[in-house]
Each structure stands twice: as C-alpha cells, then as structure tokens.
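The block underneath contains the structure these notes are about, expressed in structure tokens.
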Amino acid sequence: MALCLPRGAGMLAGLLAVLKAGHTYVPLDPRQPAARLASICETAEVAAILTDSAETAGFAEGDALPLILTGDAEEGATPEPVQVSPEQAAYVIFTSGSTGTPKGVAVPHRAVVNFLASMAEEPGLSASDTLLAVTTVMFDIAVLELLLPLTKGAKLVIAKTEDVIDGFKLVERLNRGDVTVMQATPTLWDMVLTAGFQPRDGFRMLCGGEPLPADLAQRLTAQGAELWNMYGPTETTIWSAVKRVEPGQPITIGHPIANTELHIL
C-alpha cells in the first residue's frame, strides 16, 4: 500500500492505519518528481494509494491504481484486529539510486521492533522527551523519528516542510526550547549551526547518513549537548551501530545495536 500524504499528523495516522490493517506501506513524498513516484509504485506493485486527494497522487493518473482518500475514513471507526507475522514486511523503502536504478528494500516487523527497542535504550528516549521529526518519509531514518516517540509515550513534533528546508526557520523552531531530541545528517546539522543554533546541555543529537566530520562534532558538543554517531544501510534496518561522541575522542561507528553483530570483512 503506497502512502502519499503531506507532512503532518495525517501522514503518521495513515502510516499506522496501513500497519494496523496488516499491510506493508511504501512511503511516498508528494514533493518528489512524479516519474520517480510512479516508478516506485510500479516496481513495488502497490495495490492502492492512500492519499488525501487525487491531486496529491497526480503521478498515478492513468495507472488505474485505486485511491483510498483519507477524507472518506469513518470518524471513530476501529480497525478489526489483524494477525501479522514477525517476518512480514512492515515497509518497503526505495534507495536513492546513487549506484543505478533505485531498488526497494523490504524490512520485516521483527527487525523494526528490535530496532525501536534498541534505540529506546541507546541513544535513549523517555516519556519526558520531545523529538522533532525533520526527515522525509521516503528516507528510512524517518521510521525512528515517527515511531520511536510513540513506543515510549514521548512527544513527537513533525516539522513543517518549509521549516526543514530553511535553516533559519528550523533554528527558530528549535529555539522555542521544548525539543530535546533531533536526528539529522551532518549536512543538516551544519546548516542549523550556520543559521545560529547553539545546542546546549540537555539536548540530544543523532547524526548519521554521512561521515561525521570531527570539526562539526566539536562545534555540536561545544555547549555540552549530547551527540551520537549513527551508522547503517537501509538493508539492515536503519541504524546498525551507535556511538556517543565524546569531545576530543576519535569518531567511530561504535558498536552494534541490540541483538545484532557486526562483521569486519
């Protein structure tokens, strides 16, 4: 089931609805090129598209794919309980295609559950935290941002698209003081620092998707904030290794997450 919704609470509700119905979701960002979205739907052989309007899913026009509109949902309805195997795919994420044609990676429920349980312990998240989600739903690290807070009773704030692409607006949002956790690539962290953000003691930063430069790590931790270096390919379920970055210490990818092993070949 393809999920094509604008950023916001409705997007998260739709994602949970697909999972609760026992289906596998394929996340689509309406801002991506129509040809790429159409190709993903074709490759994944999606059965339908969950969206808010025909315009949002305009890339599928003429493909005869049924559209399930969120506006048609019955208010207050409760889905029938569905049994799902731990081996069944929770989602299919398509890679960026940097080495050729993008390919879909199917990730089973058991891997997602183990990942979330491990992340809740290290780097850690509690009910008192507020996590700011900034990542497009088509990038697998968004799974941590959208689902981890729900597993711990923490507060989730889904940043507006315009706030994510504008460093100054993102800093303005962070400076409200309620956010305690944010995950981003080194590129985005560098952007918010350039825009004037000063991470302070009590703020936890997860950094991955690209190598973490030592000078950036030093700038991020200068005021006592907590920084974690994260590493992992999509195929092994988001992050595979974690390491807290200590000032003045070498930056490594650290150790494997819970119930997994790393092999150096």
Salt bridge (Lys or Arg N to Asp or Glu O under 4.0 Å) against E235, all qualifying residues, sequence neighbours excluded: K103
Heavy-atom pair of closest approach, residues L212 and C207: CD1-SG, 3.7 Å
Residues that D178 engages under side-chain hydrogen bond (donor to acceptor under 3.5 Å, both in side chains), provided they are two or more places apart: R173
Pairing residues for E210 by the side-chain hydrogen bond (donor to acceptor under 3.5 Å, both in side chains) criterion, not counting sequence neighbours: T187
Polar side-chain atom of [X] near backbone of [Y] as donor-acceptor pair, under 3.5 Å:
X	Y	value
S53	T56	yes
S118	F115	no
T51	C4	yes
N114	A111	no

For [X], all residues meeting side-chain contact (heavy atoms from CB on, under 4.5 Å), sequence neighbours excluded:
X	result
V113	none
A60	I49, D63
R110	P86, E87, P108
E42	none

Would you be so kind as to tabulate the donor-acceptor pairs closer than 3.5 Å made by side chains of residues 237-249, with sequence neighbours excluded?
{"unit_1": "W239", "atom_1": "NE1", "unit_2": "Q183", "atom_2": "OE1", "d": "2.8"}
{"unit_1": "S240", "atom_1": "OG", "unit_2": "T236", "atom_2": "OG1", "d": "2.5"}

Sub-4.5 Å side-chain heavy-atom contact between V26 and Y91: no
E226 and M205, any side-chain heavy atoms less than 4.5 Å apart: no
Nearest-0.5 Å distance that lies between atom OG1 in T180 and atom CG in D129: 3.5 Å
L125 side, atom CG; K152 side, atom NZ - distance, nearest 0.5 Å: 8.0 Å
Test ring pair (Phe, Tyr, Trp, His ring centres under 6.0 Å) applied to F203 - qualifying residues, sequence neighbours left out: F197
Side-chain donor-acceptor pair present, H255, E261, cut-off under 3.5 Å: no
All pairs passing side chain to side chain donor-acceptor pair (under 3.5 Å) where residues 7-31 contributes a residue, at least two apart: D29-R31, D29-T136
Listed once per pair and sorted, the ring pair (Phe, Tyr, Trp, His ring centres under 6.0 Å) pairs that draw on residues 173-193, sequence neighbours left out: none
Under 3.5 Å donor-acceptor pairs involving side-chain atoms of residues 153-167, not counting sequence neighbours:
{"unit_1": "D166", "atom_1": "OD1", "unit_2": "F168", "atom_2": "N", "d": "2.9"}
{"unit_1": "D166", "atom_1": "OD1", "unit_2": "K169", "atom_2": "N", "d": "3.3"}

